[in-house]
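Below: one structure, written as structure tokens.
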Amino acid sequence: MEQAQVYENVDLQIIKLLFNSDGSDYKVYAVRILNPHPELKMTLTQEITVTGDMGYYNRRAIITADLVYDDADSLRYRKPSYKVARLHFGLPKEPRRQWQLIDTLLVHQPTVLRRLHDYFADDAPILTIFSKDEIKTARIPGVGPATVQKIATAIRGKLEVAVLANHWGKALSSMTYEKIWLAYKDAELAMQHVDANPYILMQVAQLDFKKVDAFAKSRGVAPNDSHRLAAGLQYIFRTAVLTQGLTYITITWFKEQAATLLGVSTDDLTMFADPKQALAYGFLLNEQYDLVTSCDMFATEGSVARIMAVAQKTAEPLIKPAELDEKLDKFLDRHQLVINDQQRAAFQNVNQHGLSVLNGSAGTGKTWLTNLLVHFFNAQAKGKSVLLAPTGRAAKVLARYTHEPAATIHAYLHLLPGEELDRFDAEADWETFGDARLIIVDESSMLTTPLAYTVLKNVNFKKAHVLFVGDVFQLPPIGPGNFLKDCLADDHVAATTLTRVYRQDSQSGVLALANRIRDRLALPFGPDDDRYVSGNVALYNQRDAGRVFDAGIKAYQEALAKHGHQPDSQLLIVNKNIGATGRLRFNAELQALVNPARAGEPEYVSSYVDPVTNQKHHLRLNDRVMILKNDKHVALVDPKTWERRAVLGENGLQKTDEFGTKRWRETIMANGDTGVVAHIDPKRHFLVVQVGNQYCYYSFGSVPRALTLAYAITVHKAQGGQADTVIAIVNGADRMLNAQSFYTALTRTQSQFIFFGDFRVLLARTKIYPIDSRHDLLGSLLSGQLTVDTFSRFTFEQILTWLDHQRHQGIQPRAAITAAKPEAATQPFAVRYTEQLDILNQVVEKVTKLPVKKATGEG
DNA sequence: CAAACTGG
């Protein structure tokens, strides 16, 4: 085999970042070569691209690398491309290169730079000088001690990253070294902590378990090392249990999976034999039913169950129940409205119960009724309602419909994704929901139990009631729990289910088919039928994926020819992004057919090649696009001149309203909104997307993260949207398909539903209801089958106390970072475990002395 | 495998 030529010690200056892959360190930079090698291929301006696992570098940064020529990438970027074989850390030795580095370091302080050049000789090793302690006492004319200190610290950072890189070698990426140094700001401390427990890197450098595990293995950590087991068991529970929607699993299954996935014998998994040890690892065992769950998940589900019980006990009616009917009738008279009995029941539920649910499928008037509820209780209950939703798009729709402010749960509660337990800038005296009397959460089918918990734990049920609105037959959340279903199954939760359909013609085929699925009846056709056509539904049996694809394209073109390029006129719904009938392939093909490139017309072309499709992204005038970001702050463009004209919206908190409730800026552009490309300016590198009647500015640089083609979309993204003609596609090997996903696609239809796919697959998969197979403990806790105090060997108070203790001790890596250096260079988990056990025993002893609350019998 | 959330 031909040996690749390595070009060593090439100094490169970063020009720009061309491609940045999320979730990995793979980057593509355009760079300038500072010390040209005679054999290197390069452009006239000495430019090349470099690719590989690198840290993030700012423009003008200088790096030193060994390079290997990369023929394939050279075709992609129209420049000779090189792979980074090795990065050299630390300070360059030659004075000339040291000066180059300090030039880039001080690019924004030209005066300081000039004074350094004046004071030091050109052949002085400037970085080496600044890395010595003596620099503190040096007197450089015109450069103050604070500035000297700043430069020295920056250089020390570079040196310390080099120390880390030297210590661990190629086992970790340069990005990781930078993150570790930033976390500890002390190389020695970092090495001690990471060597003692490599798995701490999962938090420190946001690496996943598999990456850290490979690193730990290369460092000689044994497969049955306690740190490894602790991290590995949590990882398996998160990836194999919680993402399936489950919140617990059988001990037997978990033990077997853990042994297989971690490559250890079941004898090594000692936590399963000892409830106390399991607790130290963060798990709870229920030996009676052979169940195991994580402490965190149990605390969440248990807290939700408790809060729901409290809600029912402490809530007082918003207005006097005796007056409700009279006031409601007056309200309806004044607005000339009529409601049915189901809808009236919803008013009574909301008025009387701390927690209630409004359930109903598409077209039953949920949104219409929600609007009435908001305005009725706003007028009658002396305190404005707070409107929330799990997604930006749902919040936007709710705000538009009610003409009241609505926000995402995260935006309203000041939560950062992934850190929902704490507000990022909590004000001590801020009562979350102010004097609000009613909190409405729309699209509640998308709520995981942890997200429902973040809402519920902030509610004072003496003041306010909560209403969850949703359609339990839509897609369940991607994440643990089945919150809406559990609410509906619980006798104590006041639920209204709307069944009368107003939107669809009751004779329509779509409605009939949707009802069959809801009622769990067999679909009205066989696996070998050619087609099923009834009313506005047409399903075609097609087994070959290639033909399914072609049929979908053809149906879309026909719908387009009939109805034109109107928003919401036609929509192609798929189950997956990638694959032969995936979203990306459909969009590429539909764009080429529906909106092909025309000579002389401006185009947006991405500067990189999409690693999934192996193509560059193109956007042209009139392309249908979907917006992927929630924005409360949007630059608008004048559609006559295409000049930027105004900025709509502001970030952050609005003023307190007359009821003392904090109000929030609305989401102007939401993830999931669709629009049309209205203008492209290739010279000034921006394009304009028309969404509704607004023209929004997107710089070319923001396009990859902000926009995607929207001819075809996944069924998840289609939730909450409607189209006249819906074309649904099912691939023979579609594991995403189930009754709820098909139901969701079906109920997006306003006039015509067309389906292409294998009837055998459709018939088999629509027998699967995710709602049935998602097991959680919340349902059992609400029904009284389980109680929080008797699920495991520990009472709920003991579990919460233990979690609280763990959060404040060095077990959590974030706390470990701020903690003092460990006494010994390595501190095995076994040693720590006995300490933990002592503390655990103290905790258990202490809390058992507290008055024990019984589950029942207090009232 | 599917997706949601934010701030600077």
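Treat the numbers as computed from the prediction; the structure is a model and nothing was measured. Order of the sequence lines sets the chain letters (A, B, ...), proteins ahead of strands, with each chain counted from 1.
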Distance in angstrom units between A:L475 CG and B:dA2 P, rounded:
13 Å
Within this structure, what is the CZ-to-P distance between A:R393 and B:dA4, rounded to whole angstrom?
10 Å
NZ/NE/NH1/NH2 to OD/OE distance under 4.0 Å, A:D758 and A:R760:
yes
Does the separation of the ring centres of A:F586 and A:F549 fall below 6.0 angstrom?
yes
Does a side-chain N or O from A:K717 land closer than 4.0 Å to OP1 or OP2 of B:dA4, or not?
yes
Go through B:dC1, B:dC5, B:dA4 for me and flag the one nearest to the A:Q244 side chain.
B:dC1
How long is the line joining NZ of A:K629 and C1' of B:dA4, in whole Å?
15 Å
Can you list everything that forms a ring-ring contact (aromatic ring centres under 6.0 Å, His included) with A:Y743? Sequence neighbours excluded, please.
A:F473
Let me know, please, whether A:T243 or A:I409 comes out on the 5' side of the other along DNA chain B by nearest nucleotide.
A:T243
Would you mind reading off the distance between A:R238 atom CZ and B:dA3 atom P, rounded to a whole angstrom?
21 Å
Can a side chain N or O of A:N630 be found less than 4.0 Å away from OP1 or OP2 on B:dC5?
yes
Reading DNA chain B from 5' onward, which residue's closest nucleotide shows up sooner: A:V715 or A:T408?
A:V715
Protein-nucleotide distance (A:F483, atom CZ; B:dA4, atom P), rounded to Å:
20 Å
What is the separation between atom NE2 on A:H414 and atom P on B:dG7, rounded to the nearest whole Å?
7 Å
Under a 3.5 Å distance rule, please check whether A:N738 uses its side chain to pair with a backbone N or O of A:Y769 as donor and acceptor.
no
Of the candidates B:dA2, B:dG7, B:dA4, the side chain of A:N671 sits closest to B:dA4
For the side chain of A:H716, counting heavy atoms from C-beta on, which of B:dT6, B:dC5, B:dA3 is nearest?
B:dA3
A:R765 CZ to B:dC1 P: how many Å, rounded?
14 Å
side-chain contact (heavy atoms from CB on, under 4.5 Å) partners for A:S773, two or more places apart
none
Base, sugar-phosphate or nothing for A:G479? Non-hydrogen atoms, less than 4.0 Å.
nothing
I need the CZ-P distance between A:R705 and B:dG8, as an integer number of Å.
17 Å
Looking at B:dA4, B:dA2, B:dT6, which one has an atom nearest to any side-chain atom of A:I578?
B:dA2
